[in-house]
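Keep in mind it's a predicted model, so treat the numbers as computed, not measured. Only heavy atoms go into these numbers, but all of them, side chains included; no hydrogens, no water, no symmetry mates. Chain letters run A, B, ... following the sequence lines, proteins first, then strands; residues in each count from 1.
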2 protein chains.
Amino acid sequence: MTDSLKNIESLIQQKDLYSIPIDDFFKSAFSVDCVIFGYHDCQLKVLLIERGTEPFENYWALPGDLVYPTEDLDFAASRVLKDLTSLTDISIRQVKTFGKVNRHPLGRVITVAYTTLVETTELNPYASSWAKSTAWHSLKEIPQLAFDHLEILHEARNELNALVISEALWSQVLPAKFTLTQLQEVFETLLDKKLDKGNFRKKIQEYTFLQKLEESQKNVNHRPSQLYCFDQDLFNKAIIKGFNFEM
Amino acid sequence: MTDSLKNIESLIQQKDLYSIPIDDFFKSAFSVDCVIFGYHDCQLKVLLIERGTEPFENYWALPGDLVYPTEDLDFAASRVLKDLTSLTDISIRQVKTFGKVNRHPLGRVITVAYTTLVETTELNPYASSWAKSTAWHSLKEIPQLAFDHLEILHEARNELNALVISEALWSQVLPAKFTLTQLQEVFETLLDKKLDKGNFRKKIQEYTFLQKLEESQKNVNHRPSQLYCFDQDLFNKAIIKGFNFEM
DNA sequence: TCAAAAGTGTTATAGGTACACCCATGT
DNA sequence: ACATGGGTGTACCTATAACACTTTTGA
């Protein structure tokens, strides 16, 4: 091994990775970028950060970070999510890897895009060392984004529909006990189409992983709705059996 | 920028990349691995190489290579395909990125998996600097593979079905003029299920990108078959219009 | 008793599946 | 004439879409 590589190795084995000059990661680095979609009340948004450093200082961008030499790719994505939202135990899925030579002005950086879906209410995104501020943006009002992040956002939005179905991502934006109307609203927002109430409910009845509870809504000025819950284990078993969940 | 990084930079800017000691790429490198599926005569195979160097010397593995600092990710995958098969103008698609810390014994290597489908006949895979030999393997008889390549192969096989439909990959394994029976055989092999002849043909008629030619088979001891051709432009247009190709 | 949203039922149609049958060619 | 694979037609059944209707609550 050459001396130059020994130098790098000693650098990256230091505990405090933040103290490494940014230049030292570059010329051959990989990063993760997270497209964190947020749902609340029939509104789909995306979490963006305002960059506090060059390049693209003051631009909005997807939250992301370089991958530390000692962490798995998936872990790095989870870490970014946790740093911003304090959320753990949220599944975050790989979308695609972006590796054009000149996508990053400071050097060669290949980035792996991840996406997930969370509930936006009462979620307080924190600014971090690399972010001046953070905010939920409506998908209809996306500002100019740094790097190739607009392209990444588009790809993730396309992937979201598939994940909502195949990974039951929708369960991450509903309370433990929810009504069928709430569930229908989630699907309508994410898939961006109106669904017929009757037909929707007919389908739901076939899905054993959606279980009717004995409980119902209270204090509403209309007929109270039955509450349902989602059984992740039953869902996984159904998927393994080759079951195909559609809407 | 530190001296150590300047050293690396000067190394990687040399034209003859093969002359760089393998160690110098490591501790933070990215590679591409290609899952090249081959079809001929109702048989689906995959192209494997026998490694000529450590680690995993003499093991079978997916063909792949480190990504040069000056090439795009997609280009690197095309290059690996071309080196082995001489094929160009074949679309090769990203599957997923594998980034576990210890997936490569010599250091941190993140690999981006690509997949494609080609015709196996008369295709002479070349051995290269890093491969002792190459061979098509039946998917039912996969030897022990190096690294996490078995997992990569599985993921790619799952992805193949989707790509066959959405990207018309099947057109890459048929001659320019083909019969509907040939087409049906391709689908049956790739999707791994029997299709009804009548129903298959009924669907084909709806697809304008499959055009009936004036020509038919010759010198067969049964009724000669109509020949068809595939129009990639019409297919692309149909996809853009939101058309959903299914089988 | 009324408004509002929950929840159920009915019907028409499109699309898929299964299967039977006819057709054109070389030997 | 017959074997072989190409090619077509039909009848059934199920999934879906559209829409109307009934039910239960609070005010």
Side-chain angles (χ1 to χ4, degrees), chain A residues 40-42 161 164-165 174-175 177-208 210-230 238 241-247, chain B residues 40-43 161 164-165 170 174-175 177-208 210-230 238 241-247:
Chain A
H40 180 70
D41 211 13
C42 301
N161 281 19
V164 163
I165 301 295
L174 286 177
K177 300 170 181 180
F178 52 85
T179 70
L180 291 187
T181 301
Q182 286 178 307
L183 182 58
Q184 187 179 339
E185 283 169 355
V186 172
F187 276 109
E188 287 184 340
T189 305
L190 296 177
L191 304 180
D192 197 24
K193 66 176 175 190
K194 268 274 164 204
L195 299 173
D196 181 86
K197 186 171 55 163
N199 299 331
F200 180 79
R201 282 155 189 264
K202 226 174 291 166
K203 254 192 183 165
I204 292 299
Q205 283 174 13
E206 300 162 16
Y207 299 150
T208 54
L210 286 170
Q211 297 183 320
K212 194 187 274 190
L213 300 170
E214 295 302 313
E215 229 171 316
S216 55
Q217 278 185 318
K218 291 199 172 74
N219 302 319
V220 284
N221 68 337
H222 55 76
R223 177 173 173 177
S225 177
Q226 277 284 330
L227 291 174
Y228 282 73
C229 74
F230 172 65
K241 276 185 190 161
F243 154 79
N244 205 358
F245 183 28
E246 289 190 355
M247 266 305 146
Chain B
H40 180 69
D41 210 11
C42 300
Q43 299 262 323
N161 281 19
V164 162
I165 300 295
W170 51 265
L174 286 177
K177 299 170 182 181
F178 52 87
T179 71
L180 291 187
T181 301
Q182 286 178 307
L183 182 59
Q184 187 178 340
E185 283 169 355
V186 172
F187 277 109
E188 287 184 339
T189 305
L190 297 177
L191 305 179
D192 197 24
K193 67 176 175 191
K194 269 275 163 202
L195 300 173
D196 181 87
K197 185 173 54 164
N199 300 332
F200 180 79
R201 283 154 189 263
K202 224 176 291 167
K203 255 191 180 163
I204 292 300
Q205 283 175 14
E206 300 162 15
Y207 299 150
T208 54
L210 287 170
Q211 297 184 319
K212 194 187 276 191
L213 300 170
E214 296 303 315
E215 229 171 318
S216 55
Q217 278 185 318
K218 292 201 172 71
N219 302 318
V220 284
N221 67 336
H222 55 77
R223 175 173 173 177
S225 178
Q226 277 286 326
L227 291 174
Y228 284 72
C229 72
F230 172 66
K241 277 186 192 160
F243 156 77
N244 204 359
F245 183 29
E246 289 190 356
M247 264 305 143

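Comparing Pro224(A) and Asp196(A) by the nucleotide of DNA chain D whose heavy atom lies nearest to each, the residue mapping closer to the 5' end is Asp196(A). Along DNA chain C, the nucleotide nearest His222(B) and the nucleotide nearest Glu246(B) are compared for position; the residue whose nucleotide lies closer to the 5' end is Glu246(B).
Using a 4.0 Å heavy-atom cutoff across all strands shown, Thr181(A) reaches sugar-phosphate atoms only and no base atom. Nucleic acid contact for Gln226(A): sugar-phosphate only, since backbone atoms but no base atoms lie under 4.0 Å from a heavy atom of the residue. Across all strands, Lys203(A) comes closer than 4.0 Å only to sugar-phosphate atoms, never to a base (heavy-atom distances).
Among dT23(D), dA17(D), dT25(C), the nucleotide with an atom closest to any side-chain atom of Arg223(A) is dT23(D).
Between Asn199(A) and Leu195(A), the closest side-chain pair of non-hydrogen atoms is not below 4.5 Å. Two residues are said to be in side-chain contact when any heavy atoms from C-beta on lie closer than 4.5 Å; Ile165(A) and Phe187(A) meet this criterion.
Residues Thr179(A) and Ser225(A) share a closest heavy-atom pair of CB-OG, 3.3 Å.
Residue Ser225(A) has no polar side-chain atom (N or O) positioned under 4.0 Å from OP1 or OP2 of dA5(C).
The aromatic rings of Phe243(B) and Tyr207(B) stand perpendicular to each other, their planes meeting at an angle above 60°, with 30° marking the opposite boundary.
A straight line from CG of Leu183(A) to P of dG7(C) spans 12 Å, rounded to a whole angstrom. Rounded to whole angstrom, the span from the CG atom of Asn221(B) across to the C1' atom of dC23(C) amounts to 15 Å. Residue Glu206(A) contributes atom CD, which lies 11 Å from atom C1' of dT16(D) at whole-angstrom precision. What separates NZ of Lys197(B) from P of dC23(C) is a distance of 14 Å, to the nearest Å. One atom, CD of Gln205(B), and another, C1' of dG6(D), lie 14 Å apart when rounded to the nearest Å. For Leu210(B) and dG7(D), the CG to P distance is 14 Å, given to the nearest whole Å. In this structure, Tyr228(A) places its OH atom 11 Å from C1' of dA6(C), rounding to the nearest Å. In this structure, Arg201(A) places its CZ atom 15 Å from C1' of dC21(D), rounding to the nearest Å.
The base of dA18(C) sits within donor-acceptor range of the side chain of Asn199(B), with an N or O pair under 3.5 Å. Side-chain atoms of Lys202(A) and base atoms of dT10(C) include a donor and an acceptor less than 3.5 Å apart.
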Margin query: Applying side chain to side chain contact (heavy atoms under 4.5 Å, CB included) to Leu183(B) and Phe230(B), what does each step give before you reach the verdict?
Written below: CA-CA 11 Å; Leu183(B) 182 59; Phe230(B) 172 66; over 6 Å; no

